[in-house]
Protein chains: 2
Amino acid sequence: MTDTLDTLDHIDRKILQLLQQDANLSATELADRVGLSQSPCWRRINRLQQAGYIRRKVALLDRQKLGLGIVVFVNIKLSSHGWNMLNEFEAAIVGFPEVMECWTMSGGMDYIIRVVTKDIESYEQFLRRRLLQLPHIQEAQSHITMTEVKNSTELPLG
Amino acid sequence: MTDTLDTLDHIDRKILQLLQQDANLSATELADRVGLSQSPCWRRINRLQQAGYIRRKVALLDRQKLGLGIVVFVNIKLSSHGWNMLNEFEAAIVGFPEVMECWTMSGGMDYIIRVVTKDIESYEQFLRRRLLQLPHIQEAQSHITMTEVKNSTELPLG
DNA sequence: TGTGAAAAGGCGCAAAC
DNA sequence: GTTTGCGCCTTTTCACA
């Protein structure tokens, strides 16, 4: 619980790597993929989980099959940069399920967000009725994506 | 198996919603969260999985704890747009573990990619020795992110 | 389709080595 | 780190409304 565990050997990394690809792998299966027996492997998994390296396990759904055809990147600039403005804006963004990502940027633009909706009409709805309703938005440039070449949750552990 | 299943009722959606948040939920647990008993719930899960709504289950790791401090969006423009160029470029991108996302864009820029590395030096390495080694890159604008406000894998099923 | 129960197997988990 | 083992829970199925 108070385990610092600030150093990972190559077996730990391999375990994490495999779990990034398939969270259903049991301790038993993982064990022989990394060349270990169950118990020590199970212990490592637990340590990794309790130390917070593994945040959660989730199901990834098929966006197209669910009828979510539109993905848009939006560059946003706020007109006012007070601490309260930023916090309010970010809280609102986190609350929008259509916004899957939001990052603050160094340089010109303040934020980049990625929005997912069913179609162009519903994107327009989101934009006008949700996003642009937020105060202090100076600029919001929408960049519609066409094809998803890669969209991974695997962090590079090389 | 040959089930088309092109219509999901609100229970299916709720199951998917819950699995998007926690892939470890058992059929039993899911059952009483959606107000059903185990068997029909289990059947729905199977249908959803076999119909491809659930693509995979993965572990999400802690980027910061793993020492991956740098996230950069790169806008890329190619100098030549032949079919072969695009395919070669995309194949290379998919092969780079540092690139977690890659989308083609409508409008000016051809691609946007999200790159994750350990630090600025390793990003520079990636840029010079990997990305800019690819042929036909006309322009690559790096936009370094500062803070991760939101980074979700949950598709909006509302 | 949803309900209830029930078999079988695997897995988490821990103890001893 | 290894091997062994117990008990639980999960998945999976079957008869029935």
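The structure displayed is predicted, hence computed values, not measured ones. Chain naming here is simple, since letters A, B, ... match the order of the sequence lines and numbering starts at 1 in each.
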What side-chain donor-acceptor pairs closer than 3.5 Å can you find for residues 66-74 of chain B, not counting sequence neighbours?
none

If you look only at distance, which donor and acceptor atoms sit under 3.5 Å apart when one is on a side chain in residues 132-139 of chain B and the other is two or more places apart or in another chain?
unit_1: Gln133(B); atom_1: NE2; unit_2: Arg128(B); atom_2: O; d: 3.0
unit_1: Glu139(B); atom_1: OE2; unit_2: Gln141(B); atom_2: NE2; d: 3.1

Side chains of residues 100-109 of chain A: which donor-acceptor partners sit under 3.5 Å, not counting sequence neighbours?
unit_1: Glu101(A); atom_1: OE1; unit_2: Trp103(A); atom_2: NE1; d: 2.8
unit_1: Glu101(A); atom_1: OE1; unit_2: Arg114(B); atom_2: NE; d: 3.4
unit_1: Glu101(A); atom_1: OE2; unit_2: Arg114(A); atom_2: NE; d: 2.7
unit_1: Glu101(A); atom_1: OE2; unit_2: Arg114(A); atom_2: NH2; d: 2.9
unit_1: Thr104(A); atom_1: OG1; unit_2: Thr147(B); atom_2: N; d: 2.8
unit_1: Thr104(A); atom_1: OG1; unit_2: Thr147(B); atom_2: OG1; d: 3.1
unit_1: Ser106(A); atom_1: OG; unit_2: Ile144(B); atom_2: O; d: 3.3

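Partners of Arg43(A) by side-chain contact (heavy atoms from CB on, under 4.5 Å), not counting sequence neighbours: none found. Take Ala31(B) and apply the side-chain contact (heavy atoms from CB on, under 4.5 Å) test, not counting sequence neighbours, and it matches Cys41(B). Annotation: side-chain contact (heavy atoms from CB on, under 4.5 Å) contacts of Asp9(A) (sequence neighbours excluded): Ile11(A), Asp12(A), Arg44(A). Applying the side-chain contact (heavy atoms from CB on, under 4.5 Å) criterion to Asp110(A), with sequence neighbours excluded, gives Lys77(A), Leu78(A), His81(A). Checked against ring-ring contact (aromatic ring centres under 6.0 Å, His included), Tyr111(B) has the following partners two or more places apart in sequence or in another chain: Phe89(B).
Between the side chain of Arg56(A) and the backbone N or O of Gln21(B), at least one donor-acceptor pair lies under 3.5 Å.
For Trp42(A) and dG12(C), the shortest distance from a side-chain N or O to OP1 or OP2 is not below 4.0 Å.
Between chain A and DNA chain D, the heavy-atom contact criterion of under 4.0 Å yields a 5' to 3' nucleotide range of dG1(D) to dT4(D).
For the contact set between residues 24-33 of chain A and DNA chain D, defined by any heavy atom under 4.0 Å, there are no members.
The NZ-C1' distance, from Lys57(A) to dC11(C), rounds to 12 Å in whole Å.
Residue Met146(A) is found outside any hydrophobic cluster, as its side-chain heavy atoms come under 4.5 Å of no other Ile, Leu, Val, Met, Phe, Trp or Tyr.
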Could you list, one pair per line, each protein nitrogen or oxygen that sits under 3.5 Å from a nitrogen or oxygen of nucleotides 2-6 of chain C, together with the distance?
unit_1: dG2(C); atom_1: OP1; unit_2: Arg44(B); atom_2: NH2; d: 2.7
unit_1: dG2(C); atom_1: N7; unit_2: Arg43(B); atom_2: NH2; d: 2.9
unit_1: dG2(C); atom_1: O6; unit_2: Arg43(B); atom_2: NH2; d: 3.2
unit_1: dT3(C); atom_1: OP2; unit_2: Ser37(B); atom_2: N; d: 3.2
unit_1: dT3(C); atom_1: OP2; unit_2: Ser37(B); atom_2: OG; d: 2.9
unit_1: dT3(C); atom_1: O5'; unit_2: Ser37(B); atom_2: OG; d: 3.4
unit_1: dG4(C); atom_1: O6; unit_2: Ser39(B); atom_2: OG; d: 2.4
unit_1: dA5(C); atom_1: N6; unit_2: Ser39(B); atom_2: OG; d: 3.4

